[in-house]
Colleague: 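Input: one structure, supplied below.
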Amino acid sequence: MNNFTFKIPTDIRFGKGQIECLAEELHKYGNRVLLVYGGGSIKRNGIYDDVMKQLSGFEVFELSGITPNPRVSAVREGAKLCKDHNIDVILAVGGGSTIDATKHIAASACYDGDPWDLVLDRSKVKAALPFAVVLTICATGSEMNCGAVITNEATNEKLEINTPLLYPRLSICDPTYLYTLPKIQTAAGAVDIMSHVMEQYFQPNDEAFITDVLSEAVMRTVVKYAVVAMDDPENYEARSNLMWASTVALNHLLTVGKGGAWSVHPIEHVLSGFYDITHGIGLAILTPAWMEYVLDDKNKHRFARYAREVFGVAQQDDMLAAKQGIECLRMFLGDLEMPSKLSQVGIDDSNFHLMAKEAVRTSGISSRAYVKLTEEDVENILRGCY
Ligand code: NZQ
Ligand code: ZN
């Protein structure tokens, strides 16, 4: 097991009605709040009203319209609002896109240059405004991690900024706030959770047994509850288990003692950077193709373990079990009504070469991944999904 440090400063308030603590907690940081949210779902489902009730004693400024795959132009707007109005604390109400934009705004508000500089060089992040989260979709784990993924629409780059200054101070996770999620977002979120765990599970170090067992528990949770939540949106048991699974999947707990670069996310980020597709859908298309491409005699034991522990495959032979595991994942993704081909989401092969180059350039996929992949490998995987 590798050495590790583990410190997460985020205060999580989980469960029905936890919004009631918001006013008291936010007052610790000041009175001038920038409220950040997306395209309006929070107005339609009543979460906006719950939040505004809590903010009645504050001076509130708003930044709405944060898009999925959030853009640096929105971050520029948010940073300007913070500077112009001397904001004390930012409140993100939404999912990964709103939270990530908020993280980047928090850092950019304390920086004199252009926000994109901070993405290209995280050492330039010297301070950040405090911010809190009200989570409305479970997928990314952004509510309890310090990463933010931002798209530069001028260059098609979708890159991560990651520094300990970007942990939320507080995240309110009320599973009833997930009840209005469309089926497709519930499913795409479940795929994202599953993929985060797999990215950490399929890493070179096989000795972190405790981390692997925790990972298997989270993956089994997703398999058990994702379809239930899709078919029965107000099922509190399903929503609450998935909500906590998303947080645990990417708050660093499942990577301790392990190490290495991720394999599928770097390819997906290039896809959604170029084509603005839903992150979880891109992962659903790529993940089985990646598994099939990298499975070999050297790693079949790990894929077999995944098959047995996550999907209950009983096959004794490792290679056969591994292949059955991939098939089980494909069936699960089918139950989630996810597309399995890039052509189904309007992506043709014209940029495969360019995207493969970009995935290798912007990640450790060729140097530190579970199975190291060249540009040619990544292009082959993309062709395998076409
Ligand atoms: O914009 P609104 O109107 O809010 O609608 C959103 C959006 O259309 C809707 N939605 C959210 N909560 C809802 C709701 N609709 C009805 N009822 C609710 N309660 O869902 C849509 C998707 O929202 P978004 O925030 O984009 O989803 P998600 O949480 O999946 O975030 C995806 C983004 O996060 C990045 C992804 O790349 C993508 O840009 N990621 C962030 C990570 C991180 N910070 O750690 C890691 C991930 O791997 C990922 O890359
Ligand atoms: Zn993800």
Side-chain angles (χ1 to χ4, degrees), residues 10 36-48 50-51 63-72 74-75 92-104 119 133-153 157-163 166-168 171 173-200 229 233-234 239 242-243 246-247 249-252 255 262-273 275-284 286-287 363:
T10 306
V36 181
Y37 57 97
S41 66
I42 64 165
K43 290 210 166 156
R44 292 188 292 276
N45 59 22
I47 298 174
Y48 179 84
D50 286 0
V51 168
L63 175 66
S64 62
I66 302 296
T67 57
N69 301 320
R71 296 171 192 167
V72 67
V75 173
V93 183
S97 297
T98 296
I99 304 169
D100 287 4
T102 296
K103 288 175 175 175
H104 196 189
V119 177
V133 169
V134 176
L135 189 65
T136 69
I137 168 171
C138 63
T140 63
S142 191
E143 65 276 10
M144 202 182 187
N145 69 40
C146 60
V149 187
I150 303 293
T151 297
N152 185 333
E153 60 270 42
E157 287 168 291
K158 183 178 182 185
L159 298 176
E160 189 186 7
I161 172 171
N162 193 311
T163 136
L166 298 185
Y167 279 106
S171 284
C173 306
D174 180 339
T176 66
Y177 285 175
L178 307 177
Y179 287 174
T180 55
L181 269 177
K183 253 185 171 192
I184 182 131
Q185 291 299 341
T186 299
V191 177
D192 197 20
I193 302 169
M194 190 79 169
S195 174
H196 293 156
V197 184
M198 290 176 68
E199 298 279 17
Q200 300 165 99
E234 301 198 6
R239 292 295 195 188
L242 287 169
M243 198 173 211
S246 82
T247 306
L250 199 49
N251 70 355
H252 203 63
T255 203
W262 288 20
S263 300
V264 181
H265 269 67
I267 311 177
E268 197 297 314
H269 282 165
V270 176
L271 272 187
S272 48
Y275 292 100
D276 201 18
I277 60 168
T278 299
H279 174 58
I281 292 180
L283 295 170
L286 290 167
T287 302
S363 74

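Counting starts at 1 for both ligands and their atoms, in listed order.
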Colleague: Using only heavy-atom distances, determine whether the side chains of Asn145 and His252 contain a donor-acceptor pair under 3.5 Å.
Modeller: no
Colleague: Under a 3.5 Å threshold, yes or no: a donor from one side chain and an acceptor from the other, between Lys43 and Tyr37?
Modeller: yes
Colleague: Please tell me whether Tyr179 and Asn45 have a donor and an acceptor in their side chains that are separated by less than 3.5 angstrom.
Modeller: no
Colleague: Got an N/O contact under 3.5 Å between Gly39 and ligand 1?
Modeller: yes
Colleague: Using a 4.0 Å cutoff against the non-hydrogen atoms of Lys158, which atoms of ligand 1 qualify?
Modeller: 36 (C), 37 (O), 38 (C), 39 (O)
Colleague: Does at least one non-hydrogen atom of Gly40 fall below 4.0 angstrom from an atom of ligand 1?
Modeller: yes
Colleague: Show which atoms of ligand 1 fall inside a sub-4.0 Å distance from at least one heavy-atom site of Tyr177.
Modeller: 19 (N)
Colleague: Any N/O/S atom of Asp192 sitting less than 2.8 Å from the Zn ion (ligand 2), backbone or side chain?
Modeller: yes
Colleague: Do the side chain of Arg71 and the main chain of Thr151 share a donor and acceptor less than 3.5 angstrom apart?
Modeller: no
Colleague: To the closest 0.5 Å, what do you measure between CD (Glu268) and CD (Glu199)?
Modeller: 10.5 Å
Colleague: N/O of Gly96 under 3.5 Å from N/O of ligand 1, yes or no?
Modeller: yes
Colleague: Give the residue, atom name and distance (to 0.1 Å) of the protein heavy atom nearest atom 45 (O) of ligand 1.
Modeller: Asn145 ND2, 3.0 Å
Colleague: Examine the proximity of ligand 1 to Asn45 and report which part, side chain or backbone, both or neither, has a heavy atom under 4.0 Å away.
Modeller: side chain
Colleague: Please confirm whether Glu268 comes under 4.0 Å of ligand 1, counting heavy atoms of the residue only.
Modeller: no
Colleague: Quick one: does Thr10's side chain have a donor or acceptor within less than 3.5 Å of a partner on Pro168's backbone?
Modeller: yes
Colleague: Any side-chain heavy atom of Leu178 within less than 4.5 Å of one from Met243?
Modeller: yes
Colleague: Please indicate, with yes or no, if any protein heavy atom is found under 4.0 Å from atom 14 (C) of ligand 1?
Modeller: yes
Colleague: Ignoring hydrogens and geometry, is there a side-chain-to-backbone donor-acceptor pair from Gln200 to Ala249 under 3.5 Å?
Modeller: yes
Colleague: What is the nearest protein non-hydrogen atom to atom 40 (N) of ligand 1, stated with its residue, atom name and distance?
Modeller: Thr140 CG2, 3.6 Å
Colleague: Check each heavy atom of Ala139 against ligand 1 and say whether those closer than 4.0 Å belong to the side chain, the backbone, both or neither.
Modeller: side chain
Colleague: Is the closest N or O pair between His269 and ligand 1 shorter than 3.5 Å?
Modeller: yes
Colleague: With heavy-atom distances below 4.0 Å as the criterion, list the atoms of ligand 1 near His265.
Modeller: 48 (O)
Colleague: Hey, mind stepping through Ile277 and Leu271 against side chain to side chain contact (heavy atoms under 4.5 Å, CB included) and telling me if it holds?
Modeller: CA-CA 7 Å; Ile277 60 168; Leu271 272 187; 4.2 Å; yes
Colleague: Looking only at N/O atoms, are Arg44 and ligand 1 under 3.5 Å apart anywhere?
Modeller: no
Colleague: Do me a favour and list the nearest non-hydrogen protein atom to atom 41 (C) of ligand 1 with residue, atom name and distance?
Modeller: Asp100 OD2, 3.1 Å
Colleague: Considering only heavy atoms of Thr136, which atoms of ligand 1 have at least one such atom less than 4.0 Å away?
Modeller: 11 (C), 12 (N), 13 (C), 18 (C), 19 (N)
Colleague: I want to confirm something. Looking only at heavy atoms, which of Gly38, Ser41, Gly282 is nearest to atom 6 (C) of ligand 1?
Modeller: Ser41
Colleague: So which heavy atom in the protein is nearest atom 16 (C) of ligand 1, and how far is it from that ligand atom?
Modeller: Thr180 O, 3.4 Å
Colleague: For atom 49 (C) of ligand 1, what's the nearest protein heavy atom and its distance?
Modeller: His279 NE2, 3.4 Å
Colleague: For the metal site, I want the angle between atom NE2 of His265 and atom NE2 of His279 with the Zn ion (ligand 2) at the apex, to 10°.
Modeller: 90°
Colleague: I'd like to check which ligand 1 atoms, numbered from 1 as shown, lie under 4.0 Å from a non-hydrogen atom of Pro70.
Modeller: 39 (O)
Colleague: Give a yes/no verdict on whether any heavy atom in Gly147 is under 4.0 Å from an atom of ligand 1.
Modeller: yes
Colleague: Near Pro182, which atoms of ligand 1 are under 4.0 Å from a heavy atom of that residue?
Modeller: 15 (N), 16 (C)
Colleague: What distance separates Ser64 OG from Ile42 CD1, expressed to the nearest 0.5 Å?
Modeller: 8.5 Å
Colleague: Could you check atom 8 (O) of ligand 1 against the protein and tell me its nearest heavy-atom contact, residue, atom and distance included?
Modeller: Pro68 CG, 4.0 Å
Colleague: Check ligand 1 against Asn69 and write out every atom of the ligand that is under 4.0 Å from a heavy-atom position of the residue.
Modeller: 38 (C), 39 (O)
Colleague: How are the rings of His265 and His196 set to each other: parallel, tilted or perpendicular (split at 30° and 60°)?
Modeller: tilted
Colleague: Counting non-hydrogen protein atoms only, what is the nearest one to atom 26 (O) of ligand 1? Give residue, atom name and distance.
Modeller: Ser97 OG, 2.5 Å
Colleague: Is it true that Ser246 and Glu143 share a donor-acceptor pair across their side chains at a distance under 3.5 Å?
Modeller: yes
Colleague: Report yes or no: do His104 and Asp100 form a side-chain donor-acceptor pair below 3.5 Å?
Modeller: no
Colleague: Just to be sure I read this right, does ligand 1 sit under 4.0 Å from the backbone of His196, its side chain, both, or neither, counting only heavy atoms?
Modeller: side chain
Colleague: Any idea which atoms of ligand 1 are less than 4.0 Å away from a heavy-atom of Leu250?
Modeller: 45 (O), 46 (C)
